[in-house]
Each structure stands twice: as structure tokens, then as C-alpha cells.
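Residue numbers count from 1 along this sequence. Treat the numbers as computed from the prediction; the structure is a model and nothing was measured.
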Amino acid sequence: MAYSVFLKSSARRELERLSSKTHDAVVQRLQSLQETARPIGCQKLQGRSEYKLRVGNLRIIYGIDDNKKEILVYIIDDRKQVYRRLREK
């Protein structure tokens, strides 16, 4: 059974701000999460329950609920900003 992918409103805004080429690459990566929630190249964040995916210099931070088969995307941002934002939480 495939996973459903949801974006927080902040992640949706971040996605909309990307250039069209980068936007398409991120959307393609998000669509691939529907079939494989933990694809090759994803990493679990240390000391947290979220995972990260790399798309060029961008990072996608997301959580997985295996019981509901849902993925919630929290952050889509430049790698420098992502880790700064995670430290603030």
C-alpha cells in the first residue's frame, strides 16, 4: 500500500518559492516517497524521529507514520538553513 504525502503549510510555501527546475526535482522526489518512505539516500536524524532527503543543496525533512501510511513534510530548505532551524526546535 502506498503512503500519502502531506506538506505543512510552511513547507508548501518553501516549495512554491523554488525555481521551476528545482521545484520539479523536489516534487519528483516527494512523489517517489509515496512508494518508498525510506528510499536509498534518506537518513534518520540523530536524536529525532524525522528523516532527511537530499535534493542538490536542499534538504527535505519529513516524518513517517507507518500505521496510517502517511508522510508529513516539515521543511524544504537550503541545507544551511535546515540544520539551523532544527537546532531552534
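Smallest separation of non-hydrogen atoms from Arg59 and Tyr83: NE-OH, 3.5 Å. Pairing each heavy atom of Ala11 with each of Val73, the nearest pair is CB-O, 3.7 Å. The two atoms that bring Ala2 and Glu35 nearest to each other are CB-OE2, 3.9 Å, heavy atoms only.
Using a 4.5 Å heavy-atom threshold, the side chains of Leu15 and Val27 count as touching. In this structure the side chain of Arg48 never reaches within 4.5 angstrom of the side chain of Ile61, judged on heavy atoms.
A salt bridge between Glu50 and Lys8 is absent, with no side-chain N of the basic residue lying under 4.0 Å from a carboxylate O of the acidic one. Between Asp66 and Arg38 there is a salt bridge, with a side-chain nitrogen of the basic residue lying less than 4.0 Å from a carboxylate oxygen of the acidic one.
Here Tyr62 contributes atom OH and Leu45 contributes atom CG; the two are 9.5 Å apart, rounded to the nearest 0.5 Å. Atom CD1 of Ile76 and atom CG of Leu7 lie 5.0 Å apart (nearest 0.5 Å). Distance CD/Glu16 to NE2/His23: 7.0 Å, rounded to 0.5 Å. Here the CD-CG distance, from Glu14 to Asp78, works out to 11.0 Å after rounding to the nearest 0.5 Å. Here the straight-line distance linking atom CZ of Arg17 with atom OG1 of Thr22 works out to 13.5 Å at 0.5 Å rounding.
Test Thr36, Asp65, Ile64 against Tyr3 for side chain to side chain contact (heavy atoms under 4.5 Å, CB included) and you get one pass: Ile64. The only member of Arg85, Gln81, Lys52 that meets side chain to side chain contact (heavy atoms under 4.5 Å, CB included) when paired with Ile75 is Arg85.
Arg13 pairs by the salt bridge (charged side-chain N to carboxylate O under 4.0 Å, His left out) definition with nothing, not counting sequence neighbours.
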